[in-house]
Protein chains: 2
Amino acid sequence: MSKLIEVKIAELASMLPMFIGVLIDGSEMDTSVKLNVSEGKTLMFLHKHEGDPMTDYSRKVGLSKGSFTTVADSLVKKGFIKRVSVSNDRRKYALMLTDIGKDIAKQIDAGFNKHIAKKVSQLEEEDINNLHKALEIMVYTMDKLKEREDQI
Amino acid sequence: MSKLIEVKIAELASMLPMFIGVLIDGSEMDTSVKLNVSEGKTLMFLHKHEGDPMTDYSRKVGLSKGSFTTVADSLVKKGFIKRVSVSNDRRKYALMLTDIGKDIAKQIDAGFNKHIAKKVSQLEEEDINNLHKALEIMVYTMDKLKEREDQI
DNA sequence: ACCATTTAGTTCGAAGTCTAACATTTTGAT
DNA sequence: ATCAAAATGTTAGACTTCGAACTAAATGGT
């Protein structure tokens, strides 16, 4: 009897963290400053899009909001980001990069891109295209699932 | 100018942790015993395949070997797994489930499958099939990358 | 307008994870 | 056969993250 597709998906999904591990493996943040992984990720996401509320970034980085406060505090202390009150919702703080923060963020982003490019270069062109499509599907699926969740 | 495919892949890959988050969100290990997430994952992987050396499981669970020692110790202490010396390499310990461990592992696996099935049921059939294919590509790609890495 | 509920972010003690140094065993080159 | 290098797993202290309780602000129903 062949397994239900749901079960197959569950099985494959459980291997995703390992996939990420393989993809990330060997990448180093050789910035001039000491940053832990969460701080690095935060700067990378800020480099892609600044000015969102903290909760958005905490979700992207994959931390609970409690933990993310620590990360944000540390980045502020190091002078790489600022908490800015922009919206008319006074509970929210938009995060913005400082000038130094922008430099570091750019470095991290470039380093990550370079690392992935190197990884991906070990694959044949067809595999690269398939990987790209696969990743697009995952993101598309994620958005759809988030939408559905919100409707409840 | 359109971005290089490598850069697009890097960008999409950075969203994978969030994808996993959305997929896992809402799942709870309602076993009769208190287990942390890493312990649960470990039992789940053991349920799928027993008898591998510790380092294999640490990679699957996504922990450093140092941290995994803690997890294994705790599972041994709770009576769910055993360290068995089977191979002729005397540094290696194969992990095996105890009888109680098997029960718990089966519960966790069933719970996870059920959770994923519920998530996936929010999608249309076409999306489900695409997701399945996408996940297969990721695993295929991971294996290929691991192979290439080993050749160096 | 009121107030219960929800949301954004913080705090802090407990829990979990990392990292680097280490012991032990295996591998591979000579 | 020897020995340096690599691999498996452990230890312990530093660091990071969780989770629950909290403050403050916004929302929405009546």
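None of the values given here were measured: they were computed from a predicted structure. Below, read A as the first sequence line, B as the second, and so on, with proteins coming before strands; counting in each chain starts at 1.
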Are side-chain heavy atoms of A:Leu16 and A:Met138 found at a separation under 4.5 Å?
yes
Return a single string for nucleotides 17-27 of chain C, one symbol per nucleotide in 5' to 3' order, where B is base contact, S is sugar-phosphate-only contact and - is none, cutoff 4.0 angstrom on heavy atoms.
SBB----BBS-
Would B:Met96 and B:Phe45 show up in the same hydrophobic cluster when neighbours are defined by side-chain heavy atoms closer than 4.5 Å?
no
Using whole Å, report how far CG of A:Leu35 lies from C1' of D:dC15.
14 Å
My understanding is that only one of A:Val71, A:Thr42, A:Thr70 makes a side chain to side chain contact (heavy atoms under 4.5 Å, CB included) with A:Leu63; could you say which?
A:Val71
Among B:Asp109, B:Ile108, B:Ile81, the one residue meeting side chain to side chain contact (heavy atoms under 4.5 Å, CB included) with B:Leu46
B:Ile81
May I have the distance from A:Phe68 (atom CZ) to D:dG19 (atom P), rounded to whole angstrom?
18 Å
Between atom CD in B:Glu39 and atom C1' in C:dA15, what is the gap in whole Å?
11 Å
Honestly curious: do B:Ile137 and A:Met142 fall in one hydrophobic cluster under the side-chain, below-4.5 Å linking rule?
no
Decide if atom NZ of B:Lys8 counts as having more than 12 heavy atoms of other residues, nucleotides or ligands within a radius under 6.0 Å.
yes
With the 4.5 Å side-chain cut-off for hydrophobic clustering, are B:Val33 and B:Met44 part of the same group?
yes
Separation of D:dC18 atom P from B:Ile24 atom CD1, nearest Å, is 14 Å
Does anything in residues 42-57 of chain B reach DNA chain D, meaning a heavy atom under 4.0 Å, and if so which residues?
B:Pro53, B:Met54, B:Thr55
Does the side chain of A:Arg83 get closer than 4.0 angstrom to OP1 or OP2 of C:dT10 through an N or O atom?
yes
Send over the distance from A:Tyr93 OH to D:dT23 P, rounded to a whole Å.
16 Å
Within the 4.5 Å heavy-atom criterion, are B:Leu35 and B:Leu75 side-chain neighbours or not?
yes
